[in-house]
Amino acid sequence: MSALSDLVNLNLSDSTEKIIAEYIWIGGSGMDLRSKARTLSGPVSDPSKLPKWNYDGSSTGQAPGEDSEVILYPQAIFRDPFRRGNNILVVCDAYTPAGEPIPTNKRHAAAKIFSHPDVAAEVPWYGIEQEYTLLQKDVNWPIGWPIGGFPGPQGPYYCGVGADKAFGRDIVDAHYKACLYAGVNISGINGEVMPGQWEFQVGPSVGISAGDELWVARYILERITEIAGVVVSFDPKPIQGDWNGAGAHTNYSTKSMREDGGYEVIKKAIEKLKLRHKEHIAAYGEGNERRLTGRHETADINTFSWGVANRGASVRVGRDTEKEGKGYFEDRRPASNMDPYVVTSMVAETTILWKP
């Protein structure tokens with residue numbers, strides 16, 4: 001008699017050409033990932049060859065009950081690390097039946113910015129550092145923490161090893177490998193300053209693909225924690241008090257910044273970011289004011305600052321970039337629950353298109 005795990009791991013290609021496509025989209029809160037699966041007659045590698053689909057937007061907070069149909073447009077394909085074989089994950093964005101992007105579709109506006117000739121010519125690269133916290137399921141308290149109590153103070157946990165310092169490494173490693181399998185450009189992982197908190201990095205990715213890859217990496221993480229019976233939190237300050245918050249530091253460069261003389265271009269870009277500080281903060285994630293306090297490696301939310309190798313600044317420039325006179329910079333303001341479509345396109349728009 002087959003065990004459940006045998007059936008879950010059945011290799012479909014032994015018996016059929018058909019594949020399963022898991023369509024993924026972002027729900028009404030802007031952070032809730034949703035997905036459903038359909039059968040396709042054979043393997044597909046080009047999103048434009050995939051059929052559009054629909055869902056009940058009244059059940060995701062994205063449409064009224066009397067006109068609830070929302071249309072999914074497939075935008076990017078990844079290999080499915082859960083079903084494997086030729087099965088795929090499909091990142092979609094959402095439209096009305098008339099073809100208008102719904103209000104929570106942030107990808108559409110981002111794609112417009114990235115397809116602008118001035119932006120495309122600059123080939124914007126992004127590296128996003130996604131921090132997150134693993135929580136015990138029924139108590140919403142970090143894994144490895146005594147229930148209702150606290151571990152020892154921060155210090156030994158950042159990149160720490162050992163059963164009393166690293167909590168949840170099996171989840172983190174499973175996620176790392178699953179992302180590589182899927183075709184996500186994941187570039188690393190590490191344990192964070194607060195116990196139970198981890199980070200993965202996606203990039204360097206060009207333009208709109210940075211958002212697609214970060215969203216599918218978040219989806220894969222949600223699915224793995226579901227299997228493990230653990231909750232993943234993207235809250236920017238899950239535990240109040242003397243504990244680090246969670247961010248999504250966004251590393252950025254353009255072609256001009258990566259070429260000789262790029263440091264001057266970087267300084268001009270940072271000057272533009274300073275002038276639009278308020279607009280950027282408003283778009284950089286919910287609850288960020290609890291994280292950006294000027295403590296725990298953050299700059300105060302109301303003050304823009306930048307510096308070389310300064311982790312207490314809004315924007316940090318690396319020593320290597322200063323030394324070589326070209327490179328990239330890191331916007332340290334985005335919260336862990338930011339929308340990468342919004343943040344990446346806004347950084348490009350401010351630094352490339354906006355003329356103050």
Side-chain angles (χ1 to χ4, degrees), residues 24-35 59-62 82 104 128-160 162-176 178-179 189-201 214-249 284-293 295-298 301 333-340:
I24 301 164
W25 72 97
I26 299 154
S29 75
M31 267 312 281
D32 55 318
L33 282 157
R34 311 278 179 140
S35 75
S59 297
T60 61
Q62 292 170 299
F82 304 102
T104 51
I128 301 172
E129 306 170 29
Q130 175 70 69
E131 294 179 338
Y132 60 93
T133 310
L134 297 173
L135 304 176
Q136 301 168 58
K137 192 164 128 217
D138 297 317
V139 291
N140 267 5
W141 200 239
I143 63 169
W145 291 38
I147 291 180
F150 294 89
Q154 296 184 153
Y157 311 108
Y158 171 70
C159 299
D164 55 344
K165 299 175 208 71
F167 311 116
R169 192 186 296 277
D170 50 350
I171 291 169
V172 176
D173 263 352
H175 176 251
Y176 195 174
C179 283
I189 52 122
N190 60 269
E192 266 307 328
V193 178
M194 186 180 93
Q197 196 176 71
W198 294 83
E199 170 183 304
F200 65 89
Q201 303 94 28
L214 191 73
W215 273 117
V216 87
R218 284 174 173 177
Y219 174 83
I220 292 169
L221 182 58
E222 291 273 12
R223 288 280 305 274
I224 289 170
T225 52
E226 176 191 315
I227 294 165
V230 167
V231 173
V232 59
S233 169
F234 295 103
D235 188 284
K237 186 77 174 177
I239 307 292
Q240 291 306 308
D242 201 9
W243 304 98
N244 273 35
H249 299 155
Y284 274 14
E286 292 282 316
N288 213 4
E289 70 286 344
R290 292 182 281 119
R291 167 182 162 258
L292 295 181
T293 58
R295 297 182 64 220
H296 304 113
E297 300 181 54
T298 70
I301 195 165
R333 297 170 296 172
S336 48
N337 59 1
M338 62 81 152
D339 186 326

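Residues take their numbers from the sequence shown, with the count starting at 1.
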ask   = To the nearest 0.5 Å, what is the distance between CD (Glu222) and CD1 (Ile24)?
value = 11.0 Å

task = Just do the side chain to side chain donor-acceptor pair (under 3.5 Å) check on Glu192 and Asn190 with the steps written out, would you?
result = CA-CA 6 Å; Glu192 266 307 328; Asn190 60 269; 3.2 Å; yes

task = May I have the step-by-step check of side-chain contact (heavy atoms from CB on, under 4.5 Å) for Leu221 and Phe200, ending in yes or no?
result = CA-CA 10 Å; Leu221 182 58; Phe200 65 89; 4.2 Å; yes

remark   = Of Pro156, Pro151, Pro195, the one forming a side-chain contact (heavy atoms from CB on, under 4.5 Å) with Lys165 is Pro156

ask   = Considering only heavy atoms from C-beta outward, does the side chain of Asn337 approach that of Asn288 to under 4.5 Å?
value = no

ask   = Is His175 reaching over with its side chain to a backbone N or O of Ala217, donor-acceptor style, under 3.5 angstrom?
value = yes

message = Looking at every heavy atom in both Ala166 and Gly160, which two are closest together, and how far apart are they?
response = CB-O, 3.7 Å

query = Atom CD1 in Ile171, atom CD1 in Ile224: separation rounded to 0.5 Å?
reply = 8.5 Å

query = Checking Arg291 side chain against Pro334 main chain: does a donor-acceptor pair fall under 3.5 Å?
reply = yes

task = Can you see which heavy atom on Tyr132 is nearest to which on Val172, and at what distance?
result = OH-CG2, 3.4 Å

remark   = Residues at least two apart in sequence or cross-chain that pass salt bridge (charged side-chain N to carboxylate O under 4.0 Å, His left out) with Arg333, listed by chain then number, are Asp331

ask   = Do Met338 and Ile128 come close enough that some side-chain heavy atom pair is under 4.5 Å?
value = yes

task = Report the distance from atom CZ of Arg169 to atom OH of Tyr176, rounding to the nearest 0.5 Å.
result = 12.5 Å

key: Residue pair Asp235 / Arg290, side-chain heavy-atom distance below 4.5 Å   = yes

note = Residue pairs passing the side-chain hydrogen bond (donor to acceptor under 3.5 Å, both in side chains) test with at least one member in residues 134-159, sequence neighbours excluded, are Gln154-Asn244

ask   = Judged by atom type as modelled, is there a donor-acceptor pair below 3.5 Å linking the side chain of Ser336 to the main-chain atoms of Phe234?
value = yes

ask   = Do any N or O atoms from the side chain of Trp243 and from the backbone of Val193 form a donor-acceptor pair under 3.5 angstrom?
value = no

key: Taking every non-hydrogen atom, the tightest pair across Gly245 and Lys237   = CA-CD, 4.0 Å

message = Quick check against the 3.5 Å criterion: does Thr60 have a side-chain atom that pairs as donor or acceptor with the backbone of Gly27?
response = no

key: Close side-chain approach of Tyr219 to Ile26, heavy-atom, < 4.5 Å   = no

key: Which atom of Thr104 lies closest to which atom of Gly28, heavy atoms considered   = CG2-O, 3.8 Å

ask   = Between OG1 of Thr133 and CE of Met194, what distance do you get to the nearest 0.5 Å?
value = 4.0 Å

message = Let me confirm one number: the NE2-CD distance from His249 to Glu199, rounded to the nearest 0.5 Å.
response = 7.5 Å

request  = Could you check if a side-chain atom of Leu134 sits within less than 4.5 angstrom of a side-chain atom of Thr225, using non-hydrogen atoms only?
outcome  = yes

key: Partners passing salt bridge (charged side-chain N to carboxylate O under 4.0 Å, His left out) against Arg34 (at least two apart in sequence or in another chain)   = Asp32

message = Please report the interatomic distance CD(Gln197) to CG(Leu135), rounded to the nearest 0.5 Å.
response = 10.0 Å

task = Work out which heavy atom in Ile220 is nearest to a heavy atom in Phe82; give both atom names and the distance.
result = O-CZ, 3.8 Å

